[in-house]
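Below, chain A is the first sequence line, B the second, and so on; all start at residue 1.
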Amino acid sequence: MSVVPPVLSCTETEQKWHKPRTMGVKPGPVDAMVVVKPKPDATPASGIRSTLYKGYSGELLDPSTLNPLPAYADMEPDSLPLICRMNITSDKPLVDSIFGKIQTGSLPGQPKESTGSAIQYLGTATRRLASARLPFIHPYLLNCGNKTMANNFARILSSKRNVGILSLIGAGSLTAGFLLNHEHVTAGAQVRRVYPASAEYPDLRKHNNCMASHLTPAIYAKLVEKATPNGYSLDQAIQTGVDNPGHPFIKTVGMVAGDEESYEVFAELLDPVIKERHNGYDPQTMTHPTDLDSSKLTSGNFDERYVLSSRVRTGRSIRGLSLPPACTRAERREVERVVVDALAGLKGDLAGTYYSLTHMTDQEQQQLIDDHFLFDKPVSPLLTCSGMARDWPDARGIWHNNTKTFLIWINEEDHTRVISMEKGGNMKRVFDRFCTGLKEVERLIQEKGWEFMWNERLGYILTCPSNLGTGLRAGVHVNLPKLSKDPRFTKILDNLRLQKRGTGGVDTAAVGSTFDISNLDRLGQSEVQLVQTVVDGVNYLIDCEKKLEKGQDIKIPPPLKK
Amino acid sequence: MRDRHADCYFFSCLVCSVKNASMPFGNTHNNFKLNFKVEEEYPDLTKHNNHMAKVLTKDMYAKLRDKQTPSGFTLDDVIQTGVDNPGHPFIMTVGCVAGDEESYEVFKDLLDPIISDRHSGYKPTDKHKTDLNFENLKGGDDLDPNYVLSSRVRTGRSIKGYTLPPHNSRGERRAVERLSVEALNTLDGEFKGKYYPLNKMSDAEQEQLIADHFLFDKPVSPLLLGAGMARDWPDARGIWHNDAKSFLVWVNEEDHLRVISMEKGGNMKEVFRRFCVGLKRIEETFKKHNHGFMWNEHLGYVLTCPSNLGTGLRGGVHVKLPKLSTHAKFEEILGRLRLQKRGTGGVDTASVGGVFDISNADRLGSSEVDQVQMVVDGVKLMVEMEKKLEKGEAIDGMIPAQK
């Protein structure tokens with residue numbers, strides 16, 4: 001009997017949406033980038049408001065207009081929103097607060113009286129806010145290594161972040177959105193059934209990733225009720241680990257962060273995951289050194305008979321905007337605007353051009369493919385299951401300098417991925433450009449009132465916990481025909497704290513005897529230290545290769561301190 | 001009004017409960033998104049070609065963006081799959097899904113035009129007829145088995161009171177599974193059968209299910225993945241089938257339940273009888289547990305994808321039509337008979353024996369009996385055409401009028 005032909009059903013076949021650019025998808029007109037810049041005299045000394053949010057300013061409205069009860073008159077008493085229980089009436093006296101005059105009895109005006117769920121919600125580092133009186137200093141600011149703390153404080157308060165701070169003193173747990181939108185719901189008041197944590201706990205028995213190793217039912221039950229101020233939940237954070245039980249060669253992390261606060265709110269799960277992934281680094285007790293002074297690097301010039309190319313990459317996130325798994329379209333577009341505007345200010349050998357994925361011309365696309373710069377929609381289910389590829393290719397793009405040695409990816413796996421690279425073995429120059437470029441970009445975004453996500457415990461904050469700290473991967477493509485066949489090769493790499501990948505990147509096999517050799521570690525050591533580790537390690541490997549060429553024996557080096 | 005909301009947000013919308021939020025992908029609390037202007041959030045649909053993209057203007061987005069169903073399903077949840085998948089090369093996809101029964105109510109401004117486009121002009125005021133009385137089917141037991149290799153009828157059912165696969169949490173999906181298995185295990189007689197959960201299957205069971213062509217696996221289509229239906233795979237998914245392997249239920253795949261009746265050969269009448277009887281038995285059992293199926297007078301049976309509303313029924317056969325399929329008027333004949341073909345439409349037809357999956361094109365606006373009748377009558381006619389072509393005769397006189 002002849003074969004039944006394959007079903008051409010839209011839901012049963014796999015289509016490759018991210019390929020159409022090679023099938024002649026025509027671009028639209030290039031957008032004009034419009035960014036509102038602060039004006040020299042008009043900008044208040046207290047800081048710069050984010051263009052995204054308009055904080056409420058000015059006189060408090062007549063309290064009688066704030067009485068919410070009439071608006072919710074047709075609701076059941078036990079489903080009234082919190083605002084109905086706040087006793088906002090015209091006869092309450094007003095008190096001072098950092099937000100101006102507010103009524104006594106309203107949440108920001110009172111010291112913490114509610115316990116239980118509210119305290120439970122607060123992460124470890126922010127628990128002390130529970131007994132704080134206003135005004136207060138957010139712990140992030142206390143820990144922050146930036147010098148202009150007063151400016152930070154004022155700026156943060158006047159920008160979106162004040163919502164985050166307010167959330168930390170919030171009380172009770174309710175879906176405000178659900179209740180606030182009551183008047184828009186026409187389909188009846190059927191309330192969604194709620195399941196206990198035990199019914200929701202994922203089945204991780206066949207899983208092998210860091211999240212599965214540490215997510216006990218007790219921790220799940222504790223964290224599942226919590227959310228970050230933007231509403232990112234535990235289930236969202238772990239979805240990628242639930243959907244991807246394990247990678248054949250690598251123990252994956254199995255969870256992501258949706259925003260900076262995730263690392264606080266879900267610390268009980270993330271801290272052990274970080275500890276496992278980063279060789280015992282304990283975010284509660286240790287601090288991470290950041291050092292981008294490339295002049296400290298020594299012996300950074302490799303023998304070019306062996307080293308074909310050198311590369312350093314890292315990521316940076318823009319504070320105040322959600323990370324790729326959780327960001328809205330507007331936030332993603334804002335990241336693009338902020339970064340591209342800053343990059344337009346780069347000069348000299350860093351000057352370059354931005355190519356938006358949605359708007360690039362066919363020639364530009366071909367050129368980027370030829371240069372091996374073009375990134376496309378992620379296919380790995382590790383990434384797609386966390387929601388990073390939503391709305392592709394909206395607000396994604398590639399920026400590179402004219403000499404094609406400094407490259408930035410926007411809105412791929414992180415807000416930005418910064419790459420410095422060149423052919424040959426001059427790692428010193430690559431790292432110099434890396435540090436200079438990063439510092440310049442940071443300076444340019446700070447001029448506009450933005451900053452990178454960073455704190456002393458975790459270093460630079462990125463989407464994947466594996467990239468915390470430096471987020472740095474410094475590596476070379478090096479040809480080691482004899483050494484790679486030596487049975488001691490893997491042990492040598494281990495002791496040098498290096499890893500090998502194929503030249504296609506992670507999860508690829510090596511072509512011939514050329515390997516991508518890079519640092520294993522990310523957190524707990526500074527950028528300079530890690531690049532030095534790579535430099536010293538690769539020099540050692542080349543030395544071994546030369547010895548083997550001459551028929552001499554090689555030694556396994558003593559293991560480096562982790 | 002906006003100011004009041006700002007105050008409410010300012011003072012009270014601080015700690016978000018996640019009890020009601022389960023759509024995991026980037027749909028952070030909807031209120032947070034409302035801080036952004038419409039222009040900022042409106043997706044770029046300029047290169048899109050699906051029903052959702054044709055209907056969702058910026059004004060409509062502005063109007064619907066602050067709404068959500070009681071279980072918390074929002075506009076962005078509805079459209080995410082359509083935003084992430086600009087278009088299918090051969091099929092105009094729907095580009096949106098429902099997260100629960102109320103989605104069709106709350107987002108009717110968006111879904112009604114899409115339903116109308118997809119279902120041949122079905123109006124918001126139209127009523128859908130449900131007819132699962134197999135005795136109303138005329139004929140269907142005499143399709144020539146030399147041409148018709150197998151017959152199959154499938155539909156979907158959603159359990160009232162539970163959210164749908166794009167939106168449900170693990171707890172809810174497990175509850176659907178528990179309830180379904182309990183109900184299915186009460187079936188007896190020709191319907192007595194067994195449940196095979198995907199995550200607990202033995203190797204032997206898995207081999208057997210593959211051999212029977214019953215086993216379904218994690219969806220690969222980005223259309224389904226983009227809607228979040230494959231989360232937590234294979235938790236709470238499974239296959240139930242009767243001992244005779246002629247009646248099959250998929251649990252928690254694209255819908256709560258997919259019910260399939262099939263057998264080799266051309267006896268569509270019997271397949272449909274078993275289908276109707278089995279469905280009615282299942283529905284009775286669910287009602288006894290106080291959970292009926294999602295159904296209403298306007299949309300019929302409510303399912304995840306708007307394309308499956310109404311009957312959700314796809315009744316079809318695998319039929320050998322090597323000559324007819326290469327005839328110039330094949331597509332036109334199918335269109336007039338209100339049938340669709342699946343299988344290769346390209347140059348390889350001859351090499352795989354010209355076997356096609358022919359099924360009804362309609363779902364909403366006609367009853368189950370009507371749709372299966374169209375398949376039965378249409379396939380009977382096409383087989384006769386095929387026989388004529390084999391003899392070298394012309395078929396122009398047989399081409400039917402538009403149904």
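No part of B:Leu64 comes within reach of chain A, as not one of its non-hydrogen atoms sits under 4.5 angstrom from that chain. If you measure heavy-atom distances from A:Ala389 to chain B, the contacts under 4.5 Å come from the backbone alone. Only the backbone of B:Glu39 comes within contact range of chain A, judged by heavy atoms closer than 4.5 Å. With a 4.5 Å cut-off on non-hydrogen atoms, B:Asn199 touches chain A through its backbone and its side chain both. Interface residue A:Ile238: only side-chain heavy atoms are found under 4.5 Å from chain B. B:Ala230 touches chain A through its backbone: at least one of N, CA, C or O sits under 4.5 Å from a heavy atom, while the side chain does not. Proximity to chain A is absent for every atom of B:Tyr104, based on heavy atoms less than 4.5 angstrom apart. With a threshold of 4.5 angstrom between heavy atoms, B:Lys108 does not approach chain A through any atom at all.
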Worksheet item: Run the salt bridge (charged side-chain N to carboxylate O under 4.0 Å, His left out) check on A:Asp203 and B:Arg170 step by step: do they pass?
Response: CA-CA 9 Å; A:Asp203 182 355; B:Arg170 281 180 291 274; over 6 Å; no
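Counting heavy-atom pairs under 4.5 Å between each of A:Asp391, A:Asn244, A:Val242, A:Asp394 and chain B puts A:Asp391 at the top.
Listed for the B:Arg174 side chain is a donor-acceptor partner under 3.5 Å among the backbone atoms of A:Ala199. Of the possible donor and acceptor atoms, none in the side chain of B:Lys37 sits under 3.5 Å from a partner among the backbone N and O of A:Ala330. No side-chain donor-acceptor contact under 3.5 Å links B:Arg231 to the backbone of A:Asp243.
Heavy-atom minimum distance, B:Ser169 versus A:Tyr195: OG-CD1, 4.4 Å. Scanning both residues, B:Phe36 and A:Glu331, for their nearest heavy atoms gives CZ-CG, 3.3 Å.
Taking 4.5 Å as the limit, every side-chain heavy atom of B:Asp44 sits out of range of all side-chain heavy atoms of A:Arg329. Between B:Glu40 and A:Thr328 there is no side-chain heavy-atom pair separated by less than 4.5 Å.
To the nearest 0.5 Å, atom CZ of residue B:Phe32 and atom OG1 of residue A:Thr228 are 8.5 Å apart.
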